[in-house]
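Report on the structure given below.
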Amino acid sequence: MNDVPNRVPSHAPLDAATARSVQDELRSRVVLDESGPTPGTGHVTGVDVAYDDERDVVVAAAVVLDAATLTTIEEVTATGRVEFPYVPGLLAFREIPTVLAALERLTADPGLVVCDGYGQAHPRRFGLASHLGVLTGLPTLGVAKNPFTFTYEQPGPARGDSSPLLDTVDGAEVGRALRTQPGVKPVFVSVGHRISLDNACAHTLHLAASYRQPETTRLADSLCRRALAQATGL
DNA sequence: GCGACAG
DNA sequence: ATCTTGTCGC
């Protein structure tokens, strides 16, 4: 008898060890040889999540923008229960279920999805953006506010300056520290699925015309916070 | 073995 | 992520 079930109830609690094996399994499906959509064309969608761990509520938001004008085409939210704690390296398991629910509510084509977190810049090369890309088949990229366990040299001071984000262990370039605003702390860009690092940075720079964070992230962030406040009841 | 560690 | 007022500045 095999003591490992080949199917698990979708709501069965997932332990950390199992979650890591799921990442190792899905990682082989990541596509890294596509350059991705051209910046400024089609749709770009920002996704983000807000939590109320007290009440066990999580709200995800997805905001679709016209990439050329950065105007909002559609915005949706989805509410769920927190079913996974924050564990470094396993953030996707906490955020993705509700993010998927939000994406399913969209009527517009998401186009490129911009995530709040990492893709390749991950201990097992399978961060939130990679995970969401594999599950949806959509091109994805990750933009994070912190370098996690990776190292980098300070990029130049000008907008657009960047430097490699390196894995401390094997020295691989897992992403890039990108200066989106002059003299402001860089953001950390990495590839999720079906996009090149150069193109991911180009998209991020295009989307961060006025602020440090890309407009997609800013809009999705404020939307899910507002929705959470409403769901929680002020 | 213990701590650090995207959000 | 979240706890949290006013305040400095463009």
Side-chain angles (χ1 to χ4, degrees), chain A residues 14 16 19-20 23 27 30 46-62 77-100 102 113-134 140-152 159 165-170 172-178 180-193 197 200 204 209-214 216-234:
Chain A
L14 194 64
R20 291 190 187 93
Q23 291 181 324
R27 187 180 49 225
V30 173
V47 294
D48 196 16
V49 171
Y51 304 93
D52 182 335
D53 285 298
E54 281 293 297
R55 308 198 182 202
D56 228 51
V57 177
V58 50
V59 175
T77 61
T79 302
R81 292 289 173 186
V82 181
E83 25 30 51
F84 203 86
Y86 170 66
V87 179
L90 299 179
L91 180 62
F93 294 90
R94 182 168 165 81
E95 307 214 328
I96 280 189
T98 318
V99 168
L100 284 177
V113 179
V114 179
C115 301
D116 204 356
Y118 286 128
Q120 285 288 299
H122 179 273
R124 288 172 296 283
R125 300 291 186 277
F126 197 71
L128 170 63
S130 316
H131 202 140
L132 186 63
V134 165
T140 62
L141 67 86
V143 179
K145 307 171 197 68
N146 299 292
F148 201 20
T149 59
F150 303 99
T151 60
Y152 68 102
R159 170 175 151 76
L165 184 63
L166 307 172
D167 185 291
T168 317
V169 178
D170 58 23
E173 178 175 20
V174 297
R176 216 164 271 165
L178 176 66
T180 53
Q181 291 297 317
V184 173
K185 175 180 177 176
V187 294
F188 304 90
V189 180
S190 63
V191 165
H193 185 57
L197 183 53
T204 301
S210 308
Y211 299 92
R212 175 182 180 234
Q213 293 281 332
T216 38
T217 298
R218 302 183 70 248
L219 292 169
D221 180 76
S222 88
L223 178 56
C224 64
R225 288 190 198 223
R226 276 177 281 138
L228 178 65
Q230 180 183 314
T232 300
L234 193 140

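Everything numeric in this text was worked out from a predicted model, so none of it was measured. Any value given below was found using the heavy atoms of this structure, including those in side chains, with hydrogens, waters and symmetry copies removed. Per chain, numbering begins at 1; letters A, B, ... match sequence-line order.
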Compare every heavy atom of [Y] with every heavy atom of [X], then report the nearest pair and how far apart it is.
X: A:Val114; Y: A:Pro214; result: CG1-CG, 4.4 Å
X: A:Arg212; Y: A:Gln181; result: N-CG, 3.7 Å
X: A:Ala220; Y: A:Ala61; result: O-CB, 3.5 Å
X: A:Pro123; Y: A:Phe148; result: CD-CE2, 3.5 Å

For [X] and [N], what is the distance between atoms [atom1] and [atom2] respectively, to the nearest whole Å?
X: A:Leu91; N: C:dA1; atom1: CG; atom2: P; answer: 10 Å
X: A:Asp53; N: C:dC3; atom1: CG; atom2: P; answer: 10 Å
X: A:Arg225; N: C:dA1; atom1: CZ; atom2: C1'; answer: 8 Å

State, yes or no, whether a side-chain contact exists between A:Cys115 and A:Leu132 at a heavy-atom distance under 4.5 Å.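 Of all side-chain heavy-atom pairs linking A:Leu132 with A:Cys115, at least one is under 4.5 Å.
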Contact check, side chains of A:Glu95 and A:Tyr51, non-hydrogen atoms, under 4.5 Å: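 Contact flag for A:Glu95/A:Tyr51 side chains = yes.
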Using ring pair (Phe, Tyr, Trp, His ring centres under 6.0 Å) as the criterion, list what pairs up with A:Phe150, not counting sequence neighbours.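 If we apply the ring pair (Phe, Tyr, Trp, His ring centres under 6.0 Å) test to A:Phe150, skipping adjacent residues, there are no hits.
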Where does DNA chain C pair, written as one dot-bracket string 5' to 3', with Watson-Crick or G-U pairs under 3.5 Å, ( ) inside the strand, [ ] for crossing pairs and | for another strand? ..........
Scan [X] against the nucleic acid and name what it touches under 4.0 Å (heavy atoms): base, sugar-phosphate only, or nothing.
X: A:Ala121; value: nothing
X: A:Gly89; value: base
X: A:Ile96; value: nothing
X: A:Tyr86; value: base

What residues, two or more places apart in sequence or in another chain, satisfy side-chain contact (heavy atoms from CB on, under 4.5 Å) together with A:Arg125?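 Here the qualifying residues are A:Arg27, A:Gln120, A:Asp167, A:Asp170, A:Ala172, A:Val174.
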Using chain A heavy atoms and a threshold of under 4.0 Å, write down where along DNA chain B the contacts begin and end, 5' to 3'.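 First-to-last contact on DNA chain B, by the 4.0 Å heavy-atom rule, is B:dC5 to B:dG7.
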Is it the case that atom CZ in A:Arg124 sees more than 12 heavy atoms from other parts of the structure closer than 6.0 Å?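 Result for CZ/A:Arg124: enclosed.
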For a quick check under 3.5 Å, do A:Arg226 and A:Ser222 share a side-chain donor-acceptor pair by atom type?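 Yes, A:Ser222 and A:Arg226 have a side-chain donor paired with an acceptor closer than 3.5 Å.
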Measure all distances between protein nitrogen or oxygen atoms and nitrogen or oxygen atoms of nucleotides 5-9 of chain C, and list the pairs falling under 3.5 Å.
none

Pairs of donor and acceptor atoms involving the side chains of residues 82-89 of chain A, under 3.5 Å and at least two apart or interchain, shall be tabulated with distances.
none

